[in-house]
Protein chains: 2
Amino acid sequence: MATTTRTTDRGAAYFPRLAAERLDIALCRASAAVARAADAHAAREGLGVGQHLVLQMLDAVGPCSQQTLSEELRIDRSVMVGICDDLERAGHVRRERNVRDRRSYAVTITDSGRRRLAEAQASIPAFLEDTFHTLTPDERGQLSAILGKLLRTGAGGSP
Amino acid sequence: MATTTRTTDRGAAYFPRLAAERLDIALCRASAAVARAADAHAAREGLGVGQHLVLQMLDAVGPCSQQTLSEELRIDRSVMVGICDDLERAGHVRRERNVRDRRSYAVTITDSGRRRLAEAQASIPAFLEDTFHTLTPDERGQLSAILGKLLRTGAGGSP
DNA sequence: CGCCGACTGTTTGACAGCAGATGATTTGCA
DNA sequence: TGCAAATCATCTGCTGTCAAACAGTCGGCG
C-alpha cells in the first residue's frame, strides 16, 4: 500500500514510456502477467495448463503420439513426457504401444479424463473474462487477429 | 466426434484453432517466440536484455537505486543484483554507497557504459523490424496500444 | 541379411526466474 | 532516547524450461 509514499529516485513511471516504444518488451511483460494468472488459475483448478491443453487436444482430434501433441501444442517433447506421466498417473490418459510403430505411443483420453476436462473447461470463460475484462470486445478481436498473424507468418510457425 | 480405433495421428493444424479462441495462449506463444528472438539478438550483440534495459534507464533518468531499477523495469530485485554485478565487472556501471541512506547504492552509468549502450541501441530498430516485419504499421500501433492498456489497467500495474 | 540414417520417447545437466530468509541500516513511534 | 518495524541489497533453495545425449525402433539400400 505504500507505493507512492517514498519514491526516493526520480525514475517515476519510466516503464510506460519504455513499453510504448518497445513492442517486444510490452508483449513479453503482458504475457508474463497473463501466464502468472493462468498458472494461478490452474493451481486453483488442480489441473496444469499443459495437462489441460493435452486433454483438450486428445478430446478434439482423437488419439495422438506424444510427438504430434508436442508439435501441435508447441510444448517441448521432453516436457510432454512429464505431462503425460502425470495424466496417466491420475488415470486421465492411457498410453498404448502402437503395433505398427513400437517407438511411439497412442495417447488416449479416458472417461475420467473427459470428465476432468469438462470440469476444467467450464471455468475457462470466466478466467478469460477476468484476465481481459479491461479490453473491449473490439480490442480483443484485434489482439487475437494480430497475434494470429504474428504466429502464422512469423516466429510461431516453422523456425 | 466419433473416432475409429485407428490413430487419427497427424492432427493437422490444431494450434491455429486453439490460438484463435484462447487469447491467453496466443499471447504467451507469441511472446515466447519474440523473447527467443530477443535473446538470440542479445547474444549476438554481447549485451543481455536486462543489462541493456538497465543502461538505457540509467542513461535516461540518471543514477538510481537497484530497487528503483527493478521496480520500474519489472525485473525481480534478486535478478537485478546479478545484472548490476555483470555491468559493474564490465565497467559500464558504478555502484556508490548513498551517503544519506547507506543501505542502498546509487547505480551510475559510466562513459564506457554510454558507449556500449549507443552501440547496442543502434541495432534495436533493425531487430524490431526483423521481428515484426509481417505486421503493418497500423497493426503495430494497435498492438502497442492494446498491450499498453492491458499493462496499465490489468496485470502489469498493481496485482 | 547387415549396416546406416532418421525418428520417438526418455533422461540428464545447465540455467533463468521467483519466493523466502538474512544482515545491515534507516525510520517511526512511544 | 530506545526499540520495533520497514527497507535495501544479497544469498539460498525450488521450480520449470530447454538443449543435448541416450536407447530403442523403423526404413532403406547394398
Side-chain angles (χ1 to χ4, degrees), chain A residues 1-9 11 28-29 31-40 42-43 48-51 53-54 63-89 93-107 155 159, chain B residues 7 9-10 28-29 31-33 35-40 42-43 48-51 53-54 63-89 93-107 155 159:
Chain A
M1 58 177 70
T3 52
T4 57
T5 53
R6 178 135 176 81
T7 48
T8 57
D9 287 304
C28 289
R29 297 297 177 224
S31 163
V34 169
R36 289 171 71 120
D39 282 340
V49 174
Q51 300 180 28
L53 290 175
V54 167
C64 286
S65 69
Q66 294 183 191
Q67 180 74 9
T68 304
L69 287 169
S70 65
E71 281 175 5
E72 284 297 318
L73 296 176
R74 271 70 169 172
I75 295 175
D76 195 89
R77 63 188 202 280
S78 60
V79 175
M80 186 59 68
V81 174
I83 293 175
C84 289
D85 282 351
D86 293 341
L87 286 175
E88 190 178 36
R89 199 176 305 118
V93 139
R94 277 199 317 273
R95 277 198 259 218
E96 293 164 350
R97 278 286 176 196
N98 192 331
V99 284
R100 310 270 299 168
D101 185 343
R102 290 197 315 223
R103 288 172 300 182
S104 68
Y105 297 110
V107 184
Chain B
T7 59
D9 237 12
R10 293 297 146 205
C28 289
R29 296 298 176 227
S31 163
R36 266 198 300 276
D39 281 341
V49 174
Q51 301 179 27
L53 291 175
V54 167
C64 286
S65 68
Q66 295 183 189
Q67 180 74 8
T68 303
L69 287 170
S70 65
E71 280 174 6
E72 284 298 318
L73 296 175
R74 270 72 169 171
I75 295 175
D76 194 89
R77 63 191 196 284
S78 59
V79 175
M80 186 58 68
V81 174
I83 293 176
C84 289
D85 281 351
D86 292 341
L87 285 175
E88 190 178 35
R89 198 176 307 117
V93 139
R94 275 199 318 274
R95 277 197 260 220
E96 293 163 350
R97 278 284 176 196
N98 192 332
V99 285
R100 307 281 293 172
D101 185 343
R102 289 195 314 218
R103 291 171 299 180
S104 69
Y105 297 110
V107 184

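Here is how names work: the chains are called A, B, and so on, in the same order as the sequence lines, proteins then strands, and each is numbered from 1.
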Rounded to the nearest angstrom, tell me the gap between atom [atom1] in [X] and atom [atom2] in [N].
{"X": "A/Asp39", "N": "C/dG17", "atom1": "CG", "atom2": "C1'", "answer": "12 Å"}
{"X": "B/Met80", "N": "C/dC18", "atom1": "CE", "atom2": "P", "answer": "11 Å"}
{"X": "B/Gln66", "N": "C/dT25", "atom1": "CD", "atom2": "P", "answer": "16 Å"}

With a 4.5 Å cut-off on side-chain heavy atoms, are A/Arg95 and A/Cys84 touching?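 When only atoms from C-beta onward are counted, A/Arg95 and A/Cys84 do touch, with a gap below 4.5 Å.
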Taking the side chain as everything from C-beta on, heavy atoms only, tell me whether B/Met80 gets closer than 4.5 Å to B/Val54.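 Yes, close enough: below the 4.5 Å cut-off.
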Quick one: closest heavy-atom pair of A/Val49 and A/Ala38, and the distance?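 It is CG2-O, 4.1 Å.
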According to a strict under-4.0 Å criterion, is B/Gln67 in side-chain N/O contact with OP1 or OP2 of D/dC8?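 So the side chain of B/Gln67 is within the cut-off, an N or O lying under 4.0 Å from OP1 or OP2 of D/dC8.
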Would you say a side-chain N or O of A/Tyr105 is under 4.0 Å from OP1 or OP2 of C/dT10?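 For C/dT10, OP1 or OP2 has a side-chain N or O of A/Tyr105 closer than 4.0 Å.
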Apply side chain to side chain contact (heavy atoms under 4.5 Å, CB included) to the pair B/Tyr105 and B/Arg97, showing each step before the final yes or no. CA-CA 5 Å; B/Tyr105 297 110; B/Arg97 278 284 176 196; 3.2 Å; yes
Residues that A/Arg77 engages under side-chain hydrogen bond (donor to acceptor under 3.5 Å, both in side chains), provided they are two or more places apart: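 By the side-chain hydrogen bond (donor to acceptor under 3.5 Å, both in side chains) rule, A/Arg77 matches no residue at all.
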Salt bridge check, B/Asp39 against B/Arg36: does any charged N sit closer than 4.0 Å to a carboxylate O?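 Result for this pair is no, no salt bridge flagged.
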Going 5' to 3' along nucleotides 13-26 of chain D, which nucleotides have protein heavy atoms under 4.0 Å from the base (write B), which only from the sugar-phosphate (write S), and which from neither (write -)? -----BB-B--BBS
Answer with base, sugar-phosphate or nothing: what part of the nucleic acid does A/Arg95 contact at a heavy-atom distance below 4.0 Å?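 Sugar-phosphate: the residue A/Arg95, judged by heavy atoms under 4.0 Å, touches backbone atoms but no base.
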